[in-house]
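Please read the structure below before turning to the comments.
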Amino acid sequence: MSDDNSSELEATIVAMAKAAKAASHVVATLPREKKDAVLKRIAHFCDLRRKEIQEANAKDLEAGEANGLSTAMLDRLKLHDQRIDQMIEGLNQVADLPDPVGEEIERMDPPQGLDIRKVRVPIGVIGIIYESRPNVTIDCAALCLKSGNAAILRGGKEAFQSNQALASVIRDALIEEGLPEATIALVPTTDRKAMNVLLKQDESIHCIIPRGGHNLIRFVVDNSSIPVIKHYTGVCSVYVDASAKLHDAIAIVENAKCQRPGVCNAIENLLVNEKTIESHFIPIARKLVSRGVELRVETNLLSILESHGIQCKEATEADYFEEYLDLILSVKTVASVGDAIAFINEHGSGHSDAIVTEDETSAQTFLNGVDGATVYWNASTRFTDGFEFGLGAEIGISTDRLHARGPMGLRELCTYKFLVFGKGEIR
């Protein structure tokens, strides 16, 4: 890119950020009825322009196949009718949710007679950087609008055509409802330099949320002058305890790995109590292999599985830290729930982990001891999702500790301020 083009790109991004800041002051004070009307109009346009959206998506899929994207990545990219229906349902569900803006969190009555109220307010302008899944464009728009925020979206190059089509739908809905089109804007280029410029706009953008792989998030954290809420990798685990019901163990592990392996809440590690190798692990392994899962197991399990005619590979230590996003699963035996917790806290990413057990003491030990955003007892990790949690949609799954953790819905996209009512008090 020439210096002239670089200057033009920088000017474009700076102008977008300033326009978003101006728009944020408008959307922050909108009544709920207006925000809901915009969301419902976006939903209507998504349905009305379904063919246009899918034609754009087909171009991305064709380019993805040509560029060697994995089956899992192509699945994340595809906008079939069911996914568009889910986007529409998510928009309508967010519209039906209570408005978090202005919600009173706490009231204080200090001795000097002031009436102090702590209330939710929008963050302001949120920059969202994400990869692959174009439905994120709609999810982010819905949640930012409902929570009174403006947003600048920067999707991945593999979904550029799809994101452009969806951004056009959003822009037209905003214009129809009389709102600034800069309220939700998509960075109009895949040039990496645009992201570098975006990450320095701390005078206009108040928060950056990256969603994607390790390299993307590391790049954002290392280069941003804006506060970042990290949505890191999903190295999730299920631990099958000695008292687990076999039927539950098979169903939960199969669902957590196979239902949709290319997402962040699918498991990458399976831990089994060493007392349950024959009774639980062998039936689980048979089911997983029948679903096309490649098992990577510790050395002591190799001969056991082979004696049962089950094909597998030997795991390396690095495998237990890996987010495969594919039909691959690392397996390890542990002696106790304490060992399972220690393993997860060392190898996991603090996303979602589960225990399958009928022992309440073991379950409570696991729930309290695992250092993660979402911890399950006798349920699949696949439920870590804003839609499944009743949040309507999610901006992502935060693996951070500050401000927000786990699925980020409307309340997590707000900060707060203090409203102070006096009667002439002075200090």
Side-chain angles (χ1 to χ4, degrees), residues 60-61 64-65 67-80 82-83 86 130-136 156 158-159 211-217 231-240 248-272 281 283-297 305 310-313 315-316 318-332 344 347-354 356 372-374 376 379-388 394 396-397 399 407:
D60 286 330
L61 289 168
E65 289 181 8
N67 291 327
L69 284 186
S70 68
T71 301
M73 291 297 287
L74 289 170
D75 173 64
R76 290 162 73 94
L77 181 58
K78 190 167 187 179
L79 287 178
H80 47 61
Q82 184 182 5
R83 294 227 175 113
Q86 287 172 345
Y130 53 101
E131 295 175 328
S132 189
R133 289 192 289 171
N135 59 293
V136 172
E158 68 283 349
R211 293 183 54 169
H214 175 85
N215 290 338
L216 170 70
I217 295 171
H231 292 236
Y232 241 133
T233 53
V235 182
C236 307
S237 301
V238 167
Y239 166 56
V240 178
D248 288 347
I250 293 173
I252 289 169
V253 173
E254 179 187 11
N255 179 262
K257 177 75 261 186
C258 304
Q259 195 258 346
R260 199 172 169 201
V263 293
C264 60
N265 56 20
I267 61 168
E268 310 295 8
N269 290 320
L270 171 63
L271 308 175
V272 292
F281 176 54
I284 292 170
R286 288 192 191 283
K287 172 60 73 172
L288 291 171
V289 170
S290 75
R291 293 293 305 273
V293 177
E294 175 189 303
L295 298 177
R296 298 186 182 180
V297 305
L305 286 171
I310 300 171
Q311 297 298 311
C312 59
K313 292 184 177 180
T316 66
D319 287 334
Y320 295 114
F321 292 95
E322 187 69 31
E323 184 182 31
Y324 297 115
L325 299 174
D326 204 349
L327 288 172
I328 304 171
L329 185 65
S330 300
V331 184
K332 186 172 182 62
I344 290 169
H347 297 82
S349 61
H351 192 295
S352 302
D353 302 287
V356 187
T374 312
Y376 293 85
S380 171
T381 58
R382 285 284 290 115
F383 285 105
T384 304
D385 176 270
F387 187 84
E388 296 292 340
E394 68 188 29
I397 312 294
T399 53

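No experiment lies behind these values; they were computed from the predicted model shown.
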Which heavy atom of Ala379 sits nearest to which heavy atom of Ile252, and what is that distance?
N-CD1, 3.6 Å
Value for CG (Leu216) from NE2 (His214), rounded to nearest 0.5 Å, stands at 10.5 Å
Quick one: CD1 on Ile267 to CD on Glu254, what's the gap to the nearest 0.5 Å?
11.0 Å
Side-chain contact test, heavy atoms from C-beta onward, threshold under 4.5 Å: evaluate it for Thr384 versus Cys264 and give yes or no.
no
What residue among Val297, Leu329, Leu288 forms side-chain contact (heavy atoms from CB on, under 4.5 Å) with Cys312?
Val297
Going by heavy atoms in the side chains, are Val263 and Asp385 under 4.5 Å from each other?
no
Donor-acceptor contact below 3.5 Å, side chain Ser349 vs main chain Thr233
yes
Atom of Pro283, atom of Ile250 and distance for their closest heavy-atom approach
CB-CD1, 4.0 Å
What's the separation between atom CD1 in Ile328 and atom CD in Glu322, rounded to the nearest 0.5 Å?
8.0 Å
side-chain hydrogen bond (donor to acceptor under 3.5 Å, both in side chains) partners for Asp326, two or more places apart:
none
From CG (Asn265) to CD (Glu388), nearest 0.5 Å
9.0 Å
Closest approach of Leu69 and Leu74, non-hydrogen atoms and distance?
O-CD1, 3.8 Å
So, taking the atom named OG in Ser330 and the one named CD in Glu294, what distance separates them when rounded to the nearest 0.5 Å?
9.0 Å
Hey, mind stepping through Lys257 and Arg291 against side-chain contact (heavy atoms from CB on, under 4.5 Å) and telling me if it holds?
CA-CA 10 Å; Lys257 177 75 261 186; Arg291 293 293 305 273; over 6 Å; no
Main-chain N/O of Ile397 paired with His231 side-chain donor or acceptor, under 3.5 Å:
yes
Shortest non-hydrogen contact from Ile310 toward Ala285
CD1-CB, 4.1 Å
Does Glu268 use its side chain to pair, donor to acceptor, with the backbone of Glu323 at less than 3.5 Å?
no
Can you tell if the side chain of Arg260 reaches within under 4.5 Å of the side chain of Asp75, non-hydrogen atoms only?
yes
So Lys332 and Asn269, side-chain contact (heavy atoms from CB on, under 4.5 Å) or not? Walk me through it.
CA-CA 8 Å; Lys332 186 172 182 62; Asn269 290 320; over 6 Å; no
Non-hydrogen atoms of Glu158 and Glu131 that approach each other most closely
OE2-C, 3.3 Å
Flag, side chain of Thr399 to backbone of His351, donor-acceptor distance under 3.5 Å
no
Would you find a donor on one side and an acceptor on the other, under 3.5 Å apart, between the side chain of Asp319 and the backbone of Thr316?
yes
Look only at the side chain of Tyr320 and the backbone of Val331, and say whether a donor-acceptor pair between them is shorter than 3.5 Å.
yes
4.5 Å side-chain heavy-atom contact, Leu61 and Lys78:
yes
Between Gln86 and Asn135, is there a side-chain heavy-atom distance shorter than 4.5 Å?
no
How are the rings of Phe383 and Tyr376 set relative to one another: parallel (under 30°), tilted (30 to 60°) or perpendicular (over 60°)?
tilted
Rounding to 0.5 Å, atoms CG (Leu77) and OG (Ser70) come to a distance of 10.5 Å
Minimal heavy-atom distance between Leu327 and Cys258, with the atoms involved, is CD2-CA, 4.2 Å
